[in-house]
Amino acid sequence: MRKRCLSGVMDGAVYCLRLLLLLLLAGIHSSLAVINATEVHRNMTMLLDSLLDGYDSRLRPNFGGKAVEVVTDIYIRSMGPVSEQDMTYSMDCYFRQTWNDPRLTFNGTIPVLSLNIKMLEQMWKPDTYFYNGKKSYLHEITTPNKLLRIKQDGTIVYSMRLTIKADCPMNLKKFPMDTQACPLKIGSYGYTDSEVTYRWKIAGENAIDIEPGMTMSQFDLVGTPASNYTQHFKRGSFSMLLIRFKLRRHMGYFLIQVYVPCSLIVTLSWVGFWINREATGDRITLGITAVLTMAFLGLESRTDLPKVSYSTGMCIQPSSIPLPKTNLISLSLSLSLSPALDYYVGLCSGFVFSTIFQFAGVHYFTKRGSGEVYPELDSEGEVIPPPEEEEEVEEISDGDDDIVPDPDKDCAAAKSNLARSSVDEAAKTKKASCFSRFLCQPRYQTAGSLSSSDEDFNSVSCIDRLSRIFWPLTFFLINISYWATYLKNRDEILDVELN
């Protein structure tokens, strides 16, 4: 019994000793970790202090020696809007710069130091700016969006998130079937090319990276050619980076808002060709309404455009496109070398105006009756009877007083004479051509002198019949030449006129 108790006490003592040993080891390990962390922290502090010990941020790397090479790349997150009125564009991007500073080399187990941006205040960095920038800014919510990395060989990676708003000189002569090239010029503000040079990380079309799925409301980004060059100023030569954003405009909005309504208004103006020429008020009202609507569309189409001194169209050298021998096609192609949107609106306005002048010609040359009778009045305002009726009455009254006139016989004779004259007039009308009617027939006659054939002639004019074919055919041919000419040269980028 006593042996069992002694054995239990010994086991408990061993267990306690083991527990105490484990706690001691854990304490020693934690103490060593704290000591190690403190040592690492102390070492990093000493490393950073040593890096900046004797460092002069006012002097560039390799001062007095070779130029500092700044490698640049851009990652675009979004782009737009593009304003034609201000001729500017905006984009949200990550702007990265990399250069080497031998004064910041270090040795250690950490290959890359991720530092706070406050370290930048004590370091030299290139004075990069955007030559054509306007109101660009750095994102500072919730903290300034900057990143700083230093490698062991002294290579510095400096990145920041910017919203850049820059000038984009545009030539709108091909609007809205145009392709614009918006530049972005990057360079040093104060260092010449003998002190700081710039180059793209990847040359050519792949110089910048674009967020997958990035879209724009008005344009398609079809290319980003990049280059570096040297620009000469009075204060010296400077290394420059240039990137051109090739933007092709979407046409859907203008098709819906301008082209289709203009075409429909022109088509609506042709309805007058099927309205009888006697309906003067109806045809004039239709024409005036179409003209006013076209004027409104013409003004509305230029609301968002700058007040430039040229029309929004394309200017091509006449020798660059051989014109066919056909007069109509040659005329339409030569006209289509003028404006694009303004030309189309002007073309539709011309067609609408022409329908009014067409009806004026119909009304002046071929309208033979208006339905109104204008009797002759004497000085006292009484109606003067027709001369033919007076002669018949005089012949009857001059005869024998005993002869009593028979009204039935007189009426029958009058109807016979009227029938013979109507037949003769109808025969002459059938023999006459449409152009002889256009030139020779009187413009107005009284209602009593119109025969049944005249009434049929007044309902439809030969000019209206020809217009039903000529106007739509001409409009269709000019549209073919218009769209073929402008769409063929859509990807051409015109030089900007600076004068």
Side-chain angles (χ1 to χ4, degrees), residues 44-75 93-108 110-133 136-140 143-162 164 166 183-203 207-208 226-243:
M44 290 300 301
T45 303
M46 294 176 59
L47 175 62
L48 295 178
D49 291 339
S50 63
L51 285 177
L52 298 177
D53 187 18
Y55 187 93
D56 191 349
S57 60
R58 297 172 297 178
L59 301 179
R60 67 173 180 86
N62 303 321
F63 182 77
K66 65 178 183 179
V68 179
E69 184 180 59
V70 180
V71 181
T72 306
D73 67 294
I74 300 176
Y75 183 88
C93 66
Y94 295 116
F95 184 68
R96 307 185 184 108
Q97 301 177 87
T98 304
W99 69 94
N100 184 268
D101 192 341
R103 296 173 294 178
L104 297 178
T105 58
F106 65 92
N107 296 319
I110 301 177
V112 179
L113 294 178
S114 298
L115 304 177
N116 190 278
I117 58 173
K118 292 183 179 180
M119 187 77 171
L120 286 170
E121 300 175 359
Q122 307 176 47
M123 296 170 50
W124 179 92
K125 54 184 176 294
D127 56 344
T128 306
Y129 85 110
F130 304 104
Y131 275 65
N132 59 326
S136 303
Y137 62 89
L138 171 72
H139 290 255
E140 296 185 350
T143 59
N145 297 173
K146 293 182 179 182
L147 178 144
L148 179 63
R149 300 286 187 270
I150 301 178
K151 298 181 181 180
Q152 290 184 355
D153 60 352
T155 300
I156 301 172
V157 179
Y158 177 37
S159 176
M160 49 187 167
R161 183 184 174 188
L162 303 175
I164 301 173
L184 182 64
K185 299 180 180 180
I186 305 170
S188 173
Y189 188 83
Y191 293 101
T192 61
D193 58 350
S194 61
E195 298 173 313
V196 175
T197 60
Y198 289 85
R199 72 173 178 88
W200 292 106
K201 184 177 181 180
I202 302 176
I208 66 172
S227 61
N228 55 320
Y229 65 99
T230 300
Q231 187 165 352
H232 302 280
F233 297 98
K234 290 183 178 179
R235 62 181 186 272
S237 300
F238 291 80
S239 177
M240 303 282 293
L241 296 178
L242 173 65
I243 184 169

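Below, each value reflects all heavy atoms present in this structure, side chains not excepted, and no hydrogens, waters or symmetry copies. In this text the structure is predicted, and so the values were computed from the model without any measurement.
- Remark: Phe95 pairs with Phe130 by the ring pair (Phe, Tyr, Trp, His ring centres under 6.0 Å) rule, at least two apart or across chains.
- Residues Asn62 and Pro102 have side chains in contact (heavy-atom distance under 4.5 Å, counting atoms from C-beta outward).
- A search for salt bridge (Lys or Arg N to Asp or Glu O under 4.0 Å) contacts involving Arg161 returns Asp92, not counting sequence neighbours.
- Taking SG from Cys93 and CD1 from Ile164, the interatomic distance works out to 3.5 Å, rounded to the nearest 0.5 Å.
- Residues forming a side chain to side chain contact (heavy atoms under 4.5 Å, CB included) with Ala67 (at least two apart in sequence, or on another chain): Thr197.
- For Asp101 (side chain) and Trp124 (main-chain N/O), no donor-acceptor pair under 3.5 Å exists by modelled atom type.
- Take Asp56 and apply the salt bridge (Lys or Arg N to Asp or Glu O under 4.0 Å) test, not counting sequence neighbours, and it matches Arg58.
- Thr192 meets the side-chain hydrogen bond (donor to acceptor under 3.5 Å, both in side chains) test with Ser194; sequence neighbours excluded.
- Every residue meeting the side chain to side chain contact (heavy atoms under 4.5 Å, CB included) condition with Gln231, not counting sequence neighbours, appears here in chain and number order: Tyr229, Phe233, Met240.
- Rounding to the nearest 0.5 Å gives a distance of 5.5 Å between CD1 of Ile74 and CD1 of Ile243.
- Taken from OG1 in Thr72 to CH2 in Trp99, the straight-line distance is 10.0 Å, to the nearest 0.5 Å.
- One distance of note links CG of Leu242 with CG of Leu184; it measures 8.0 Å at 0.5 Å rounding.
- For Ser57, the side chain to side chain contact (heavy atoms under 4.5 Å, CB included) partners two or more places apart in sequence, or in a different chain, are Tyr55.
- With sequence neighbours excluded, the residues satisfying salt bridge (Lys or Arg N to Asp or Glu O under 4.0 Å) with Asp73 are Arg96.
- Contact detail for His232 and Ser237: the closest heavy-atom pair is ND1-OG, 2.6 Å.
- Annotation for Pro126 and Gln97: closest pair CG-OE1, 3.6 Å, computed over non-hydrogen atoms.
- Atom OH of Tyr129 has more than 12 neighbouring heavy atoms from other residues, nucleotides or ligands inside a 6.0 Å radius.
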Distance-only donor-acceptor pairs under 3.5 Å for side chains of residues 112-122, two or more places apart:
unit_1	atom_1	unit_2	atom_2	d
Ser114	OG	Arg149	NE	3.0
Asn116	OD1	Lys118	N	2.9

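- Put simply, the side chain of Asn132 never gets that close to the backbone of Ala166: no donor and acceptor are under 3.5 Å apart.
- Residues that satisfy the side-chain hydrogen bond (donor to acceptor under 3.5 Å, both in side chains) test with Glu195, not counting sequence neighbours, are absent from this structure.
- Scored by the side-chain hydrogen bond (donor to acceptor under 3.5 Å, both in side chains) test, Asp153 finds Thr155 as partners (sequence neighbours excluded).
- For the atom pair CG of Leu104 and CD of Gln152, the computed distance is 13.0 Å after rounding to the nearest 0.5 Å.
- Applying the side chain to side chain contact (heavy atoms under 4.5 Å, CB included) test to Ser188 and every residue at least two apart in sequence or in another chain returns Asp127, Tyr191, Tyr198.
- Note that OG1 of Thr98 is 7.5 Å distant from NZ of Lys151, once rounded to the nearest 0.5 Å.
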